[in-house]
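Remarks on the structure that follows.
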Protein chains: 2
Amino acid sequence: MESKNLTIQDVAKRANVSVATVSRVINNSSLVREATRSKVLEVIETLGYSPNFLGRDLRRDQTMRILLLTPSLIWPIMLDLFRGIDDAAQRHGYSVIAAPTTNSKKKEQELIAMLKNRFVDGLIVIGSTLSPQELDDLGKQYSLVQCSEWKETKYTSIVSIDDKKAGYDAISYLIKSGHKRIAMIGSKNSGSALLRLQGYQEAIAKAGLKFDESLVKFGDFTYEDGLCLTKDLLKLEDKPTAIFCINDVVAVGCVNALKKNGIRVPDEVAVVGFDDTKEALMSIPEITTIAQPKYELGYRTFELLINQMNQEGSNYQNITLEHNLILRGSTVNIDIKE
Amino acid sequence: MESKNLTIQDVAKRANVSVATVSRVINNSSLVREATRSKVLEVIETLGYSPNFLGRDLRRDQTMRILLLTPSLIWPIMLDLFRGIDDAAQRHGYSVIAAPTTNSKKKEQELIAMLKNRFVDGLIVIGSTLSPQELDDLGKQYSLVQCSEWKETKYTSIVSIDDKKAGYDAISYLIKSGHKRIAMIGSKNSGSALLRLQGYQEAIAKAGLKFDESLVKFGDFTYEDGLCLTKDLLKLEDKPTAIFCINDVVAVGCVNALKKNGIRVPDEVAVVGFDDTKEALMSIPEITTIAQPKYELGYRTFELLINQMNQEGSNYQNITLEHNLILRGSTVNIDIKE
DNA sequence: TTGAAAGCGCTACCAA
DNA sequence: TTGGTAGCGCTTTCAA
């Protein structure tokens, strides 16, 4: 199974040149005679030689690799986030590797060790169990940017939308549509979710409606939570006429719970989701949602990160991108084209 | 941003011991006096030293890391597959890192380079654009196992279910339920999908039904394909009474298309999905599906991989695990508990 | 139980 | 345009 473990020495010997020259060829140095270059390349080809990056990276003290740290890689928003990060990275010659922590402290530490142990040059964090203090400690010593799902820190850069305003906008829209009894299915396990709740409360207050705690439920971003918590809401004396869900998957659960109870969407109850992921389209009716500029969030995150990696001095920035509301059948009666 | 770049030398100096001793402490060698050990550990703590793994791995010619190569990390089956791989890896002291190729040849080559460049010790491939020949070339030289979504090769190990039999079982079940006009929404972009189609054909043949090409549609595993291709099926003169979908997401699209056309599921048309992912539950009715033992597939895959990494000689195995059919509302009228 | 030192594969400096 | 070589940080053998 072990490959032949060829080294730059083997190539040099075979090509009758020095290792320095081989190294130059590998790294596309311009100061190699064309004839020499092609000879070396030919030997590399024949031998099937691949340079050992451990040696290279050790010598250069740089890996051109970054790590994406996140509880789950299968989050619906992850695809576009990753594409944004990866495209930006590619542009600068960096590779992105990823690993899910599944919210395990141990796993998280193990991955952060990859940063400390010089296996990657920088870290992008999209949600973690790390405390703001821990994030700050890391941020002070290493290159680190938080993206989308973040915690308040002094020493890390952050790229995200304005979650509070997003919550505010969602609720304001529902209020404008005539709703007075608006529920929310949120989560306590996420900074962003809590901010969206603040937005909810502000919008309610501003409209002169009274805040009713029983209209706010907390779950964990899953379809099942959407299903169950909606059922809970339906048990209330004074039922909501609109429900704001923390993401689209929850919103699909919400819509399905309503339908199972014979409640018409959007006529009797309107539903708003979040993220504009493909799940928002997997329901009948489709889900009105707040869209995050996921690709751009990712792209800008890498740009901030490479800034930090290249700079000596510290330079922490917060970048806020615009969200927007996408209207679909779960809040408005739209003609369905078939 | 740069951390202080402490080395084992710094620790040695500060602790008044040799680097060899520090190394022994780091690696939990038993031949260090307890007093020495604690002194060294204290210095490590004070300084905040983390060993540079590039140096270590270069020296050891081993990284204790493997790479998971797959077109998309957000595939619904990926979560359990990854957990299985990761748990097995953890058990052996290995880390798993992942990267999506998004079916880009270039990205794929870049990631495979990580293997060739000694950045990881082994590779797990869950779907790729690599030809059997390319896979064989890699398999001959490096440690490589295919999992779940695979191609026929001589020189790689494979862990998967028997996809042909799975297709056969799904269709046989529908035939036993009385269906005679059975459609399939498959895909041409996947070996497993093609095998399931073979199973479909065999079951049809065995039951003495005639194979009707117009009942077989090809898409790309997406919700939209489920939606559109089902619409196509409904345009047929002689409509199907059952539809077998290549995965659960497609099946949800299928069910929704049927509902939008006023067709009752399962009374008028029955639907079967594949994979038993969470999407199968996100539909009304829930989707009858073929479950793969995803976690175990992942677990066994790593076990095969570590075998190869530890062995000198070649040792290619095919492991086939059992699938099973899960009955839900899309094929049977089940009392829905509320 | 500890230390000295060679060397993993590579890059990049200096000299030619 | 090329070669010689020091040294990146670490482990591990050998000797003490």
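Chain naming here is simple, since letters A, B, ... match the order of the sequence lines and numbering starts at 1 in each.
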(request) Report the distance from atom CG of A:N5 to atom C1' of C:dG9, rounded to the nearest whole Å. (result) 10 Å
(message) Starting the side chain at C-beta, find the nucleotide from D:dT2, C:dT11, D:dT11 nearest to A:T21.
(response) D:dT2
(request) Establish, yes or no, whether the cationic atom of A:R91 lies under 6.0 Å from the six-membered ring centre of A:Y299 and within 45° of the ring axis. (result) no
(message) With a 4.0 Å cut-off on N to O distance, would you call B:E134 and B:K105 a salt bridge?
(response) yes
(request) Answer yes or no: is there an ion pair linking B:K107 with B:E110, defined by an N-O contact shorter than 4.0 Å? (result) yes
(request) Counting heavy atoms from C-beta on, name the nucleotide in C:dG9, D:dT11, D:dT2 closest to the side chain of A:T7. (result) C:dG9
(request) Could you check how far CG of B:D61 sits from P of D:dT12, rounded to whole Å? (result) 12 Å
(request) Between B:L58 and B:V32, just flag the one whose closest nucleotide in DNA chain C comes earlier from the 5' side. (result) B:V32
(message) I need the CZ-P distance between B:R33 and C:dT1, as an integer number of Å.
(response) 8 Å
(message) Without decimals, in angstroms, what is the distance between B:Q62 CD and D:dC10 C1'?
(response) 14 Å
(request) Could you state the atom-to-atom distance from CZ of B:R56 to P of D:dG9 in whole Å? (result) 16 Å
(message) For a quick check of understanding: with a heavy-atom distance under 4.0 Å over all strands, which category does B:N27 fall into, base, sugar-phosphate or nothing?
(response) sugar-phosphate
(message) OP1 or OP2 of D:dC10 versus the side-chain N and O atoms of B:Y49: is any pair under 4.0 Å?
(response) yes
(request) Go through D:dT2, C:dT11, D:dG9 for me and flag the one nearest to the A:L31 side chain. (result) D:dT2
(request) Pick out which of B:D136, B:D137, B:L130 makes a side-chain contact (heavy atoms from CB on, under 4.5 Å) with B:T153. (result) B:D136
(request) To the nearest Å, give me how far apart CZ (A:R59) and C1' (D:dC10) are. (result) 16 Å
(request) Kindly point out which of C:dC14, C:dC10, C:dG3 is positioned nearest to the side chain of A:R24? (result) C:dC14
(request) Check whether any side-chain N or O of B:T36 sits under 4.0 Å from OP1 or OP2 of C:dT2, and answer yes or no. (result) yes
(message) Using a strict threshold of under 4.0 Å (side-chain N to carboxylate O), is an ion pair present between B:D57 and B:R60?
(response) no
(request) Scan A:V19 against the nucleic acid and name what it touches under 4.0 Å (heavy atoms): base, sugar-phosphate only, or nothing. (result) base
(request) Measure the distance from CG on B:D57 to C1' on C:dC8 and round it to the nearest whole Å. (result) 11 Å
(request) Looking only at side-chain atoms of A:I8, point me to the closest of D:dG9, C:dA4, C:dC10. (result) C:dC10
(message) Heavy atoms from C-beta onward define the side chain here; which of D:dC10, C:dC8, C:dA5 lies closest to that of B:A20?
(response) C:dA5
(message) What is the distance, to the nearest angstrom, from the CZ atom on A:F53 to the C1' atom on C:dG9?
(response) 12 Å
(request) Return the nearest nucleotide to the side chain of B:S23; candidates are D:dT11, D:dG9, C:dC10. (result) D:dT11
